[in-house]
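Residue numbering restarts at 1 for every chain, and letters A, B, ... go by the order of the sequence lines.
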Number of protein chains: 2
Amino acid sequence: MKHAMNQKPDYEKELRKAGVRITRPRRIILDILTSTEDHPDAMKIFHRAIEIDDSISLSTVYRTMNLLEEMGAIHRHAFNGGPSRFEQAHGEHHDHLIDIETGDVIEFQSDKIEKLQEEIARSLGYEITHHRLELYCRKITPGE
Amino acid sequence: MKHAMNQKPDYEKELRKAGVRITRPRRIILDILTSTEDHPDAMKIFHRAIEIDDSISLSTVYRTMNLLEEMGAIHRHAFNGGPSRFEQAHGEHHDHLIDIETGDVIEFQSDKIEKLQEEIARSLGYEITHHRLELYCRKITPGE
DNA sequence: TTCTTTTTGCAAACGATTTGCATTTGCATT
DNA sequence: AATGCAAATGCAAATCGTTTGCAAAAAGAA
Ligand SMILES: [Mn+2]
Ligand SMILES: [Mn+2]
Ligand SMILES: [Zn+2]
Ligand SMILES: [Zn+2]
């Protein structure tokens, strides 16, 4: 149950090391990603980006998200089956609780659940590469 | 960890009760859904359907899946963010382990995890309406 | 059977994402 | 600083899964 107070990793260095060029669009998109607490989709990232440089295109946003995902620098989510939403990968692993009324996304972490998942996979002859746990919830109203 | 050996529920009765007409396409689609162990997507259901009646259209498959989902007769999954895949809702709740190499889907159930999920939601002031737990795994190769 | 309403098939529209291609850019090299 | 080339961009068109409008067909109540 931890809100990752992430000290920014040096993505530019990571990109360079991966033999990838540092371009203006990429710098801007990385800035957006590292300076937000939420889980924006491509369109939202695009809108934030053109506020800084209105020549950036939506395809570049998509291409950059794919690149960063392949590098493991971001995670992709598809809450509800909606459009992909992203967040930087740094900080510790967590899962998500989605308020189905407001759309709010709350992050949480449970070592116990993580352990149980491992056990289950193991008992079936598998090892987990990644997983997804989403709780779709409604706020508890005490007087009801 | 249970493979639901589901005795077929009477969907036709359920549909009638909901004031919905029993049509040939719907009967065929329901048959496909109740007689399969896997998690087919709309296209796969469509192909199985036209083998029985080649006049069925893909839109009818989609419309029927939406109808059945609203009635709570089926569940919809979006593994990996791919196309929607379906399974009948009868039988007990379970989650899914996906073999990322073969695409196989294995069902499992853990009361402990379910309980922990409730606790977490509760502690954040929420109650769960539904959830999704997917383990993406690779088969364990003992000699490696 | 007739009548009314729902459902269908088809084709066109849709939203999210990807792609082809000509142009621009990053950056390693002079 | 100027050059050269590969990599990345913007744009428009294509793609994929899914939904929709509409006229024709089928369900089921009377
Ligand atoms: Mn987790
Ligand atoms: Mn579960
Ligand atoms: Zn998150
Ligand atoms: Zn299942």
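- Nucleotide C/dT24 has D/dA7 as its partner under the Watson-Crick or G-U criteria, with both atom distances under 3.5 Å.
- Residue A/Asn66 has no polar side-chain atom (N or O) positioned under 4.0 Å from OP1 or OP2 of C/dT17.
- Sorted by residue number, the list of members of residues 72-80 of chain B with any non-hydrogen atom under 4.0 Å from DNA chain C is empty.
- Across all strands, B/Asp41 comes closer than 4.0 Å to no nucleic acid atom at all (heavy-atom distances).
- Atom CD in A/Glu12 sits roughly 13 Å away from atom C1' in C/dG26 (whole-Å rounding).
- The partner of D/dA25 is C/dT6, by the rule that a Watson-Crick or G-U pair needs both atom distances under 3.5 Å.
- Each of B/Arg21 and B/Arg24 has a nearest nucleotide on DNA chain C; the 5'-most of these lies closest to B/Arg21.
- In a base pair of the Watson-Crick type (N1 to N3 plus N6-O4 or O6-N4) or a G-U wobble (N1-O2 and O6-N3), with each distance short of 3.5 Å, C/dA16 is matched with D/dT15.
- Here C/dT8 presents its P atom at 14 Å from CZ of B/Phe46, a figure rounded to the nearest Å.
- When each of D/dG10, C/dT17, D/dA27 is scored by its nearest atom to the side-chain atoms of A/Pro83, the top-ranked nucleotide is C/dT17.
- For D/dT19, neither phosphate oxygen OP1 nor OP2 lies less than 4.0 angstrom from any side-chain nitrogen or oxygen of B/Tyr62.
- Here the nucleotide nearest the side chain of B/Pro25, chosen from D/dT18, C/dG26, C/dT8, is C/dT8.
- One donor-acceptor pair, N or O on each side, does fall under 3.5 Å between the base of D/dG10 and the side chain of A/Arg63.
- Listed nucleotides C/dC27, D/dG10, C/dA11 differ in distance to A/Ile22; the shortest reach to its side chain belongs to C/dC27.
- Atom P of nucleotide C/dA16 and atom NZ of A/Lys44 are separated by 12 Å, given to the nearest angstrom.
- The closest donor-acceptor contact from the side chain of A/Asp41 to the backbone of A/Met43 lies under 3.5 Å.
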